[in-house]
Amino acid sequence: MRYEISRDFKYIRLMTFPIVKPLAHIAEYILGALLKINHSDDNVNVTRHTIDVENGSIKALFYEPKKCGNTSPAVIYYHGGGFVYKAAPYHYKLVKEYCVKTPCKVLMVDYRLTTKNSFPVPVNDCCSALKWLVKNAEGLGIDKSKIVIAGDSAGGNLAAAVTLTARDNKLIVPCGQMLIYPVIDRRMKTQSMNKYTDTPIWNSRLSKKMWELYLPDSNVENIEYASPIEAPDLSGLPNTYIETAEFDCLHDEGMEYAKALKAAGNTVFLNETKNTIHGFDMASKSKIVIDSIEKRIKFLQSSFCNY
């Protein structure tokens with residue numbers, strides 16, 4: 001309560017998502033049921049797909065606006081959850097808003113989690129999903145020159161890592177990347193990381209546990225695919241939207257990544273929200289959230305129009 005958090009978030013500021021494996025297994029079972037329900041409605045048709053990955057397969061949901069052309073732009077979306085939790089109900093709602101209001105098609109990826117698979121499995125799964133989307137673009141009615149890579153929190157980390165991988169391995173040239181309060185730096189050395197040890201939803205104590213599970217061995221090759229800000233070269237990346245929350249331990253690393261991308265010659269659109277906490281967009285009726293979603297959608301529209 002000592003933080004000046006907007007009253008818009010008076011309910012969610014009482015929440016937290018502990019990084020505890022037994023709890024994560026229970027949550028995986030419960031949240032996994034959301035993948036099986038019918039997400040289609042009057043505006044969106046949602047289909048399920050299975051994507052082959054190394055040593056297994058993953059699921060994905062494909063959102064299509066019912067009123068769209070034969071060939072549409074697309075977003076590939078990686079949900080947050082500390083690499084430990086599956087997508088939450090608000091993720092599905094947000095993806096549907098991007099789909100309808102942009103409009104565009106969206107592939108929402110159910111990558112494997114660190115309850116069983118640490119780095120690099122989640123990011124490899126996400127890269128495999130991007131390859132699948134590009135390979136099947138014609139059948140899915142997608143313009144593969146108009147793909148934005150997006151994600152929130154841990155999913156923002158994966159989106160940044162996949163964007164770097166796409167550039168380094170010449171997979172595709174995405175027309176944008178959209179990073180919502182992203183996890184960017186494993187070193188946890190920023191002022192906000194030191195300051196926000198007890199903030200709602202997410203804080204530096206949880207980040208520490210997250211990194212212990214996601215990156216148990218820090219002596220790995222290509223560390224930038226786990227910690228994107230450590231990339232030796234950040235040039236040649238697409239237009240980027242970065243959104244930060246004020247009372248969030250991840251705030252400063254998001255700001256630093258925006259600065260580093262700009263310094264490398266990239267175009268960055270920064271939305272530094274105020275009186276907000278990590279995961280604030282769960283409060284869908286908040287004016288702050290409505291404004292942020294409008295800015296995200298404008299970024300998507302401009303990214304697609306520029307190509």
Side-chain angles (χ1 to χ4, degrees), residues 2-6 9 12-13 15-19 78 80-84 114 118-119 122-123 150-164 177-220 222-235 237 240-264 266 268-281 288 292:
R2 62 194 178 93
Y3 302 112
E4 295 180 5
I5 299 168
S6 169
F9 316 119
I12 66 172
R13 68 184 181 184
M15 300 169 62
T16 189
F17 292 90
I19 304 296
Y78 309 122
F83 305 110
V84 172
T114 54
S118 58
F119 176 83
V123 71
D152 66 282
S153 192
N157 172 287
L158 294 169
V162 170
T163 301
L164 287 169
Q177 62 173 336
M178 186 169 75
L179 314 178
I180 312 300
Y181 39 78
V183 173
I184 290 295
D185 192 345
R186 59 161 177 141
R187 297 168 295 183
M188 298 181 59
K189 60 181 180 58
T190 64
Q191 183 176 347
S192 64
M193 191 62 70
N194 291 326
K195 182 177 182 180
Y196 297 130
T197 61
D198 59 350
T199 40
I201 306 294
W202 197 254
N203 52 59
S204 57
R205 289 181 292 181
L206 293 174
S207 280
K208 184 175 185 295
K209 293 179 181 179
M210 176 196 72
W211 280 115
E212 288 170 353
L213 289 175
Y214 187 56
L215 196 66
D217 180 9
S218 59
N219 296 315
V220 297
N222 301 318
I223 190 63
E224 64 269 25
Y225 300 149
S227 182
I229 201 167
E230 294 185 69
D233 178 15
L234 287 172
S235 64
L237 293 172
T240 302
Y241 175 95
I242 293 180
E243 186 173 296
T244 61
E246 182 175 7
F247 302 113
D248 182 3
C249 64
L250 300 170
H251 173 274
D252 290 359
E253 59 193 64
M255 299 294 290
E256 288 186 1
Y257 198 52
K259 183 179 179 180
L261 288 171
K262 286 182 180 179
N266 305 291
V268 179
F269 303 90
L270 179 63
N271 179 20
E272 189 181 6
T273 66
K274 301 297 182 181
N275 306 114
T276 49
I277 53 177
H278 192 84
F280 70 94
D281 41 0
I288 299 172
S292 291

Partners passing side-chain hydrogen bond (donor to acceptor under 3.5 Å, both in side chains) against Thr114 (at least two apart in sequence or in another chain):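 In terms of side-chain hydrogen bond (donor to acceptor under 3.5 Å, both in side chains), with neighbours along the sequence ignored, Thr114 is linked to no residue.
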
Taking side-chain hydrogen bond (donor to acceptor under 3.5 Å, both in side chains) as the definition, give me every residue that meets it alongside Asp248, ordered by chain and number, with sequence neighbours left out.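 Expected list: His278.
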
Give the intermediate values and the outcome of side chain to side chain contact (heavy atoms under 4.5 Å, CB included) for residues Val183 and Met210. CA-CA 10 Å; Val183 173; Met210 176 196 72; 3.8 Å; yes

Nearest 0.5 Å please: distance from the [atom1] atom of [X] over to the [atom2] atom of [Y].
{"X": "Tyr241", "Y": "Leu270", "atom1": "OH", "atom2": "CG", "value": "8.5 Å"}
{"X": "Leu237", "Y": "Ser235", "atom1": "CG", "atom2": "OG", "value": "7.0 Å"}
{"X": "Thr190", "Y": "Ile184", "atom1": "OG1", "atom2": "CD1", "value": "11.5 Å"}
{"X": "Ile277", "Y": "Ile12", "atom1": "CD1", "atom2": "CD1", "value": "4.0 Å"}
{"X": "Thr273", "Y": "Phe280", "atom1": "OG1", "atom2": "CZ", "value": "4.0 Å"}
{"X": "Leu179", "Y": "Thr244", "atom1": "CG", "atom2": "OG1", "value": "11.5 Å"}

What salt bridge (charged side-chain N to carboxylate O under 4.0 Å, His left out) pairs are there with at least one residue in residues 255-264, not counting sequence neighbours?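 Only Lys189-Glu256 qualify under salt bridge (charged side-chain N to carboxylate O under 4.0 Å, His left out).
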
Evaluate the ring planes of Trp211 and Phe83, with Trp represented by its six-membered ring, and classify them as parallel (under 30°), tilted (30 to 60°) or perpendicular (over 60°). tilted

According to the interplanar angle, ranging from 0 to 90°, do the rings of Tyr3 and Phe247 count as parallel (below 30°), tilted (30 to 60°) or perpendicular (above 60°)?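 The rings of Tyr3 and Phe247 sit tilted, inter-plane angle from 30° to 60°.
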
Please check if any side-chain donor atom of His251 sits under 3.5 Å from a side-chain acceptor atom of Gln191, or the reverse. no

Taking atom NZ of Lys208 as the centre, does the number of heavy atoms from other residues, nucleotides or ligands within less than 6.0 Å exceed 12?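 Check fails, neighbour count at 12 or below.
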
Closer than 3.5 angstrom, by distance alone: can the side chain of Gln177 be matched with the main-chain N or O of Thr163 as a donor-acceptor pair? no

Does the Ser192 side chain pair with the main chain of Asp252, one donor and one acceptor, at a distance under 3.5 Å?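 Pair found, side chain donor or acceptor close to backbone of Asp252.
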
Could you walk me through whether Leu234 and Tyr257 satisfy the side chain to side chain contact (heavy atoms under 4.5 Å, CB included) test, starting with their C-alpha distance in whole Å, then the side-chain angles of each, then the deciding distance to 0.1 Å, before giving a yes or no? CA-CA 10 Å; Leu234 287 172; Tyr257 198 52; 3.8 Å; yes

Tell me, with the steps shown, if Tyr181 and Thr276 meet side chain to side chain contact (heavy atoms under 4.5 Å, CB included). CA-CA 11 Å; Tyr181 39 78; Thr276 49; over 6 Å; no

Test side chain to side chain contact (heavy atoms under 4.5 Å, CB included) on Arg186 and Ile223; report intermediate values, then the result. CA-CA 9 Å; Arg186 59 161 177 141; Ile223 190 63; 3.5 Å; yes

Minimum-distance pair of heavy atoms, taken over all atoms of Ile229 and Glu253: CD1-O, 4.5 Å

